[in-house]
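Below, all heavy atoms of this structure are taken into account, side chains as well, without hydrogens, waters or symmetry copies.
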Amino acid sequence: MNDKKNRICVIFTGGTIGCQSFGGIVDLKHESKSLLIEKYKQAYDNNIEFDELRPLNILSENMQPSDLEVMADCVRKVDKKKYDGIILTHGTDTLCFTANLFSQIFCDIAIPIVFVSALYPLDDERSNGLINFAGAVSMIESVDYGGVFVSFCNYGENCKIHLASRLISATQINGEYDSILKVHFGEIIDGKFIWVKNPLNPGEEQLRLKRKSCKAQRLCTDMVTIQAHSLLNFDYYRFTEVRPKAVMVQLYHSGTVCTQGKEANFKNFLSYCKKLGIEVVIAPIDSRAKIYESALGLTDECIAAYDISFEMATTKVLLALGSGVSIEGELGENYFFEKLQ
């Protein structure tokens, strides 16, 4: 790149990467100078300059819609012409949602935004925070296109770069992250960013093309999510006092849910929601897969989210509700390569 500025804006928001351990308790520390950047400069010899912003200092599990808006406004106000990229620190617990959200509202950004986080505080030798930060810097140094990404190193692996629009929820207990179908966008190998050649990945030339902006920019939380599991009793979901605008049902991996019996029958629940005027969205569904008999007709009775993760479907529905636009319309958009087709 000929117009490199060797300058990165780092937006700190808290999370484990901004914590210390105090007597067995992990809690936020309040710092005027970043330990993360100090550790990076000690470990890596380059001429990158970092500017720091601190709009929030919060554990990500406590994140509210207003906090997300503060974070988004901070990104909006950054002078993108001054920087090669933006690094945004975040807690791991809700990293997946914020990454998916920002992949939509900043889908057309001209420089890369890279999320970094840590499974342990930086003062813990098990922490991957510095590796994740270094991966983000390497990626920003290497590319000449914008977009929203996540830098994350699972135990025993190279640091991976994920399209934020394809990041799925962390694994239980150990908190490792991956992209849907385990197709990550790139890796950091010997300190260099390497794009992963895969038919499901966009080519780097596609990243350089101008993308249209996302018209939905505001969130609405008037939604209930339900995950399909064995013997799930839909009768317990009765909206007598508070009525959501939408219900999202996460299907099994084969695009199915129970459609027999009484209490566990999704079709009965669907009829109940229809009577109340509540939109029902089902996801994820692979448009290429054969349909099981149990799922016949479901997509005609509710809104189906095709070829995106459940996490992305959730994001799109919340944005559609908050911005007053069509849910089906937003689910059909492909703002930042979220669709796998």
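Annotation: Lys245, atom NZ; neighbour count of heavy atoms from other residues, nucleotides and ligands within 6.0 Å does not exceed 12. Under a cut-off of 6.0 angstrom, the local environment of CD1 in Ile189 is crowded, with over 12 non-hydrogen atoms contributed by other residues, nucleotides or ligands. In Lys5, the NZ atom is crowded: over 12 heavy atoms of neighbouring residues, nucleotides or ligands sit closer than 6.0 Å. Counting non-hydrogen atoms of neighbouring residues, nucleotides and ligands closer than 6.0 angstrom, the OH atom of Tyr44 exceeds 12 such neighbours.
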Show your working on side chain to side chain donor-acceptor pair (under 3.5 Å) between Asp286 and Tyr306 and close with a plain yes or no. CA-CA 6 Å; Asp286 183 351; Tyr306 291 100; over 6 Å; no

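Scored by the salt bridge (charged side-chain N to carboxylate O under 4.0 Å, His left out) test, Lys275 finds no partners at all (sequence neighbours excluded). Residues passing the side chain to side chain contact (heavy atoms under 4.5 Å, CB included) test with Ser326, sequence neighbours excluded: Glu328. Checked against side chain to side chain contact (heavy atoms under 4.5 Å, CB included), Ser169 has the following partners two or more places apart in sequence or in another chain: Cys96, Glu311. By the salt bridge (charged side-chain N to carboxylate O under 4.0 Å, His left out) test, Asp93 pairs with no residue at all, sequence neighbours left out. With sequence neighbours excluded, the residues forming a salt bridge (charged side-chain N to carboxylate O under 4.0 Å, His left out) with Arg218 are Glu69, listed by chain and number.
A donor atom on one side chain and an acceptor atom on the other are not found under 3.5 Å apart for Ser127 and Asp124. Donor-acceptor pairing under 3.5 Å is recorded for the side chains of Asn46 and Tyr40. One side chain, His90 or Thr98, offers a donor N or O that lies under 3.5 Å from an acceptor on the other. For the residue pair Glu263 and Asn233, no side-chain donor N or O sits within less than 3.5 Å of a side-chain acceptor on the partner. For the 3.5 Å distance criterion, the side chains of Tyr272 and Asp235 fail to qualify, holding no donor opposite an acceptor.
Between Phe149 and Phe336, the distance separating the two ring centers is shorter than 6.0 angstrom. For Phe50 and Phe133, the gap between ring centers is short of 6.0 Å.
Between Ile37 and Glu52, the closest side-chain pair of non-hydrogen atoms falls below 4.5 Å. Using a 4.5 Å heavy-atom cutoff, the side chains of Val75 and Ile86 are in contact. With contacts defined as side-chain heavy-atom distances shorter than 4.5 Å, the pair Phe310/Gln250 qualifies. Proximity of Phe97 to Leu318: side-chain heavy atoms (C-beta onward) are separated by under 4.5 Å at one or more points.
Salt bridge present: Glu301 and Lys274 bring a charged side-chain N and a carboxylate O closer than 4.0 Å. With salt bridges taken as basic N to acidic carboxylate O contacts below 4.0 Å, none links Glu330 and Lys316. A salt bridge does not link Lys212 to Asp108: none of the charged side-chain nitrogens sits closer than 4.0 Å to a carboxylate oxygen. The residues Glu38 and Lys41 are annotated as not salt-bridged, no charged nitrogen and carboxylate oxygen being separated by less than 4.0 angstrom. Salt bridge annotation for Asp79-Lys82: absent, with no cationic side-chain nitrogen under 4.0 angstrom from a carboxylate oxygen.
The heavy-atom pair separating Phe337 from Arg166 by the smallest distance is O-NE, 2.7 Å. Across all non-hydrogen atoms, the minimal contact from Val116 to Ile17 is CG2-CD1, 4.2 Å. Nearest heavy atoms, Phe193 versus Glu204: CE2-OE2, 3.6 Å. The two residues Cys302 and Val280 have their closest heavy-atom pair at CB-O, 3.2 Å. Counting all heavy atoms, side chain and backbone alike, Met71 lies closest to Met63 at CE-CE, 3.6 Å.
Residue pairs meeting the side-chain hydrogen bond (donor to acceptor under 3.5 Å, both in side chains) criterion with at least one member in residues 58-68, sequence neighbours excluded: Ser60-Thr94.
Figure legend: cation-pi geometry between Arg208 and Tyr145 absent, as NZ or CZ is not positioned both under 6.0 Å from the six-membered ring centre and within 45° of its axis.
Expressed to the nearest 0.5 Å, how far CD1 of Ile87 lies from CZ of Phe115 amounts to 12.0 Å. Rounding to the nearest 0.5 Å places NZ of Lys267 at 6.0 Å from CG of Leu298.
Aromatic ring orientation, His184 versus His162: perpendicular (interplanar angle above 60°, classes split at 30° and 60°).
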